[in-house]
Structures are given as C-alpha cells and as structure tokens.
Amino acid sequence: MDSQLKKGLIEYGVLASLAAGDSYGYQLLKNCPPDLGLTQSTLYPLLKRLELDGRVATYAQLHHGRTRNYYHLTALGRQSIRDFVEQWDQVQTVAGFIKRSLENDTQ
C-alpha cells in the first residue's frame with residue numbers, strides 16, 4: 001500500500017481498534033490489520049497526537065506489578081470515526097474514477 005494512503009488509514013485503524021474497548025500499546029499493534037504495517041515507532045507518536053487533540057484519553061493501571069498505560073476512545077474519537085466513514089463514499093467515488101481510467105487505457 002502506498003505510504004501516503006497508509007498514513008491516513010493508520011490513524012483510523014487505531015481509533016477503530018479502541019472502539020472495541022480500552023487497550024494498551026502492544027495490544028493495539030496486534031489488533032490493527034497487518035496491511036497497515038503499524039510499528040511501535042509509528043504508534044506511540046500517533047497515540048500522543050490523538051491524546052493531545054482529545055480523541056483518545058489515557059490512564060495508568062498496574063498489571064503484574066508494572067504500570068501499563070491504557071488508551072480510551074473519547075466521544076470526540078468516536079465522532080472522528082463516524083466522520084471518516086461518511087467521507088469514505090467520496091473516497092470510493094475518486095477510486096472509481098481512477099479505476100475507470102485504466103479501462104480506457106489503450107497503451
């Protein structure tokens with residue numbers, strides 16, 4: 001998948017993973033589709049950005065004697081997913097236009 005396209009989808013993949021319930025970083029890496037190619041070096045800065053813009057909240061919890069940071073999808077994060085899904089129709093329209101260009105390709 002093209003890196004620019006993937007960049008936009010990773011954000012919503014992480015948000016969608018959190019829609020199923022609160023999670024910690026490593027579990028988010030496992031829950032996201034492998035095709036996104038999500039790595040720790042991509043995930044943690046993204047989570048920080050999502051927290052700063054209010055779409056994700058964090059809290060710490062003890063797990064086997066160690067503190068683990070959990071991430072929670074906020075109402076703003078849930079609305080962000082809804083907005084993305086609504087815009088997806090426009091993306092599909094553009095993708096259809098691009099696909100049709102290949103149908104008319106005579107070279």
Side-chain angles (χ1 to χ4, degrees):
M1 185 182 309
D2 175 72
S3 63
Q4 290 297 341
L5 179 59
K6 189 186 299 187
K7 184 177 178 182
L9 294 175
I10 285 174
E11 181 175 302
Y12 291 98
V14 169
L15 290 171
S17 291
L18 288 171
D22 296 0
S23 188
Y24 54 97
Y26 181 70
Q27 189 63 48
L28 286 168
L29 284 171
K30 290 174 37 179
N31 289 348
C32 281
D35 288 342
L36 285 179
L38 185 60
T39 64
Q40 286 183 357
S41 62
T42 303
L43 176 63
Y44 290 103
L46 172 61
L47 287 168
K48 188 64 176 172
R49 188 167 47 84
L50 292 171
E51 180 183 13
L52 289 173
D53 72 14
R55 292 185 282 169
V56 169
T58 62
Y59 61 93
Q61 192 169 27
L62 278 178
H63 179 77
H64 296 288
R66 296 182 65 191
T67 301
R68 182 182 276 173
N69 290 321
Y70 283 83
Y71 300 89
H72 171 78
L73 185 67
T74 65
L76 185 60
R78 209 168 283 286
Q79 184 60 48
S80 180
I81 294 171
R82 285 187 196 99
D83 294 344
F84 174 80
V85 170
E86 287 177 13
Q87 292 173 19
W88 192 251
D89 287 340
Q90 295 171 4
V91 172
Q92 288 179 309
T93 299
V94 172
F97 169 76
I98 294 167
K99 284 180 185 179
R100 285 189 301 278
S101 74
L102 292 176
E103 294 169 3
N104 299 324
D105 189 10
T106 57
Q107 294 180 3

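Since we're looking at a predicted model, the values are computed, not measured. The first residue of the sequence shown is numbered 1, and numbering continues consecutively from there. Values reported hereafter were calculated over all heavy atoms of this structure, with side chains retained and with hydrogens, waters and symmetry mates removed.
Listed by chain and number, the residues in a salt bridge (charged side-chain N to carboxylate O under 4.0 Å, His left out) with D83 amount to none (sequence neighbours excluded). With sequence neighbours excluded, no residue forms a salt bridge (charged side-chain N to carboxylate O under 4.0 Å, His left out) with K6. The ring-ring contact (aromatic ring centres under 6.0 Å, His included) test applied to Y12 returns F84, not counting sequence neighbours. Listed by chain and residue number, L73, R78, I81 satisfy the side-chain contact (heavy atoms from CB on, under 4.5 Å) test with A19 (two or more places apart in sequence, or in another chain). With sequence neighbours excluded, no residue forms a side-chain hydrogen bond (donor to acceptor under 3.5 Å, both in side chains) with H64. In this view, Q92 and W88, D89 satisfy the side-chain contact (heavy atoms from CB on, under 4.5 Å) rule, not counting sequence neighbours. With sequence neighbours excluded, the residues forming a side-chain contact (heavy atoms from CB on, under 4.5 Å) with A60 are T67, N69, listed by chain and number. Applying the ring-ring contact (aromatic ring centres under 6.0 Å, His included) criterion to F97, with sequence neighbours excluded, gives no partner residue.
Side-chain atoms of T58 do not come within 3.5 Å of backbone N or O of Y70 as any donor-acceptor pair. Side chain of S80 to main chain of L76: no donor-acceptor pair is present (N/O by atom type, distance under 3.5 Å, no hydrogens or angles).
Once rounded to the nearest 0.5 Å, the distance linking CG of L50 with CG of L15 reads 5.0 Å. Put simply, NE2 on H72 and OG on S23 are 12.5 Å apart, with the number rounded to the nearest 0.5 Å. One distance of note links CG of L43 with CG of L38; it measures 5.0 Å at 0.5 Å rounding. Taking OH of Y24 as the reference point, atom CG of L47 lies at 13.5 Å (rounded to 0.5 Å).
Hydrophobic clustering, with ILVMFWY side chains joined whenever heavy atoms are under 4.5 angstrom apart, groups Y26 together with Y59.
Listed here is the closest heavy atom pair of L28 and S17: CD2-CB, 3.7 Å.
For the pair N31 and Q27, the minimum side-chain heavy-atom distance is below 4.5 Å.
Listed by first and then second residue, the salt bridge (Lys or Arg N to Asp or Glu O under 4.0 Å) pairs that reach into residues 21-39 come to none, sequence neighbours excluded. Counting only residues at least two apart or on different chains, the salt bridge (Lys or Arg N to Asp or Glu O under 4.0 Å) pairs with a member in residues 45-55 are E11-R49, E11-R55, K48-E51, D53-R55. Note on residues 37-46: pairs passing side chain to side chain donor-acceptor pair (under 3.5 Å), not counting sequence neighbours, are T39-S41, T39-T42.
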